[in-house]
2 protein chains.
Amino acid sequence: MAEGGPGPGGGESLLFLTDEQLRKGIEAMFFAYRGFTSDPDRILEGLDYGRAHHRALHFIQRSPGTTVNNLLSILGVTKQSLNRVLRTLIDDGLVESRVGRQDKRERHLYLTDRGAVLERELSDAQRARMRAAYRAAGPVAVQGFRTVLEAMMDPDLRRQFLREGGP
Amino acid sequence: MAEGGPGPGGGESLLFLTDEQLRKGIEAMFFAYRGFTSDPDRILEGLDYGRAHHRALHFIQRSPGTTVNNLLSILGVTKQSLNRVLRTLIDDGLVESRVGRQDKRERHLYLTDRGAVLERELSDAQRARMRAAYRAAGPVAVQGFRTVLEAMMDPDLRRQFLREGGP
DNA sequence: AATTTACGTCAGCCTTGTTGACTTTCCAAG
DNA sequence: CTTGGAAAGTCAACAAGGCTGACGTAAATT
């Protein structure tokens, strides 16, 4: 199966699955994730915020007006955990929480101007690294990168991930 | 999108670098890392150990006899943080710490039989997901995956990563 | 002999995750 | 209209796993 299209001859393609190859993949994932988070972390370090705040800002920016419950399932944390982060962002005037118009139980979340500024700064740093890596690796590698990452997600998340921004 | 082909004409290859493409890559990284850690986390959850213990076991398994300082620089944490983890593993008889023969200040770390058993269980779970993703994506994608991950690491780590288990 | 290195440890702090319990608000079904 | 339950918020307590700072010891290096 998955006899990967342009792949090499025949059985050789299975050599990718030695424990040693897999171990290197695992370690690459570990080290790369560190690089991936390091730039935003450095920026946050001065302020009173952490990685959790960055994540909240990111996903509110991505879909303005999202509800708390939405955010909860995307981030995969408890509402108490998210709430603590969200409260500081709201108190500090980076996020605005509007009561729902149809369903007034819901709170819709938006970035304020100041929130958008911080989010930009953080994501600019993260994108810069991503862009450099993409450029260095080339389009074909990027396609493979995305394909493997998607195959590594939990199925429910993958479905959601592929649905939005789809074809 | 997904300009796919091995070598698209000229300027098209830059279309990969839109903010939207980069954002999707960033989110893919976030979601995939969650999947990547979820299986070992689930196993650890019952025991008294966490992700930090898994990391220590992994790197001791990878290079038996490694010193504490070595481990420190690979994991990128403080010695106090590592020590807390290492102490429990040693006390519980999963890791053995031997005084260095040449340099008696150093401690060389080894997995005990029991330690090796747990490490196996954890890495089997993680490898299983990795293997499934690799199989689903195919050899070409795997190559690209590795290339982009390596380009995303901090330069020092990348050098070290590429040196060992090299060509 | 003095200094540096490697390691261990105590103490205290922070972030970010967890459970559990309780309240308020509000929609919707009976 | 009443009530059941979902969505949200809040309080409290706790744990993992980071961090800094300070101190001690043994061994190697200068």
Side-chain angles (χ1 to χ4, degrees), chain A residues 30 33-34 37-38 40-60 65-92 95-109 122, chain B residues 30 33-34 37-38 40-60 65-92 95-110:
Chain A
F30 172 63
Y33 197 78
R34 274 235 299 263
T37 56
S38 62
D41 281 359
R42 215 170 348 258
I43 294 174
L44 264 335
E45 163 174 296
L47 300 80
D48 284 352
Y49 305 123
R51 209 177 283 180
H53 300 83
H54 178 196
R55 288 201 280 262
L57 290 174
H58 173 97
F59 284 105
I60 294 171
T66 188
T67 66
V68 172
N69 248 2
N70 257 335
L71 214 46
L72 235 45
S73 67
I74 288 174
L75 294 173
V77 297
T78 59
K79 65 174 176 175
Q80 293 90 332
S81 198
L82 175 59
N83 196 255
R84 178 172 34 198
V85 165
L86 227 38
R87 201 185 334 162
T88 71
L89 291 174
I90 292 171
D91 289 352
D92 295 354
V95 167
E96 191 189 344
S97 164
R98 299 189 204 146
V99 172
R101 298 180 4 113
Q102 292 175 327
D103 186 336
K104 296 181 194 163
R105 292 167 303 178
E106 296 179 340
R107 307 297 143 97
H108 298 271
L109 303 168
L122 294 169
Chain B
F30 173 63
Y33 196 78
R34 273 235 300 261
T37 57
S38 61
D41 281 359
R42 218 173 343 262
I43 294 174
L44 263 337
E45 160 175 297
L47 301 81
D48 283 353
Y49 304 124
R51 208 177 285 180
H53 299 83
H54 177 198
R55 289 201 280 262
L57 291 173
H58 172 98
F59 284 105
I60 294 171
T66 188
T67 66
V68 172
N69 249 0
N70 256 333
L71 213 48
L72 235 44
S73 67
I74 288 174
L75 294 174
V77 297
T78 60
K79 66 172 178 177
Q80 293 92 330
S81 200
L82 175 59
N83 194 254
R84 179 171 33 196
V85 164
L86 226 38
R87 200 185 335 169
T88 71
L89 291 174
I90 292 171
D91 289 352
D92 295 355
V95 167
E96 192 190 344
S97 163
R98 297 187 205 146
V99 172
R101 299 180 5 112
Q102 292 175 325
D103 187 332
K104 295 181 194 160
R105 292 170 304 178
E106 296 180 339
R107 306 299 143 90
H108 297 273
L109 302 169
Y110 300 87

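All chains are named by letter (A, B, ...) in the order of the sequence lines, taking the proteins before the strands, and each is independently numbered beginning at 1. Since we're looking at a predicted model, the values are computed, not measured.
Interatomic distance, B/I60 CD1 to B/N70 CG, rounded to the nearest 0.5 Å: 11.0 Å. To the nearest 0.5 Å, atoms CD1 (B/I74) and CZ (B/F59) are separated by 6.0 Å. Of the inter-residue distances, the one linking B/H58 atom NE2 with B/L75 atom CG reads 9.5 Å to the nearest 0.5 angstrom. Rounding to the nearest 0.5 Å places CZ of A/R87 at 11.5 Å from CG of A/D92. If you take CD on B/E106 and CG on B/N69, they are separated by 8.0 Å, rounding to the nearest 0.5 Å.
Near DNA chain C, meaning a heavy atom under 4.0 Å away, there are no residues from residues 65-75 of chain A. Within residues 97-107 of chain B, the residues approaching DNA chain C are B/R105, B/E106, B/R107, by heavy-atom distance under 4.0 Å.
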(request) Take A/L109 and A/L86 through the side chain to side chain contact (heavy atoms under 4.5 Å, CB included) test and state the conclusion after the steps. (result) CA-CA 10 Å; A/L109 303 168; A/L86 227 38; 3.9 Å; yes
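At a threshold of 4.5 Å between non-hydrogen side-chain atoms, the residues B/K79 and B/V68 do not count as touching. Residues A/Y49 and A/T88 are in side-chain contact: their nearest non-hydrogen atoms beyond the backbone lie under 4.5 Å apart. For the pair A/T66 and A/H108, the minimum side-chain heavy-atom distance is 4.5 Å or more. No side-chain heavy atom of A/T67 sits under 4.5 Å from any side-chain heavy atom of A/R107.
Distances shown here put every side-chain N or O of A/N83 at or beyond 4.0 Å from the OP1 or OP2 atom of D/dA8.
Salt-bridge formation is detected for the pair B/R98/B/E96: a Lys NZ or Arg NE/NH1/NH2 atom is positioned less than 4.0 Å from an Asp or Glu carboxylate oxygen.
Sequence neighbours left out, the pairs with a member in residues 42-56 of chain A that pass salt bridge (Lys or Arg N to Asp or Glu O under 4.0 Å) are A/D39-A/R42, A/D41-A/R51.
Contacts between chain B and DNA chain C, taken as any atom within less than 4.0 angstrom of a protein heavy atom, begin and end at C/dT5 to C/dC10.
Rounded to 10°, the angle separating the first-five-pair axis and the last-five-pair axis of the helix from C/dA1-D/dT30 to C/dG30-D/dC1 equals 20°.
Although no hydrogens or angles enter the test, the distance criterion places no donor-acceptor pair under 3.5 Å between the side chain of A/R105 and the main chain of A/G100. In terms of modelled atom types and a separation under 3.5 Å, the side chain of B/S81 and the main chain of B/T78 share no donor-acceptor contact.
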(message) Output one letter per nucleotide in nucleotides 15-25 of chain D: B when a protein non-hydrogen atom lies under 4.0 Å from the base, S when only the sugar-phosphate is that close, - when neither is.
(response) --BBBBBB---
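Contact detail for A/G50 and A/L44: the closest heavy-atom pair is O-CG, 3.7 Å.
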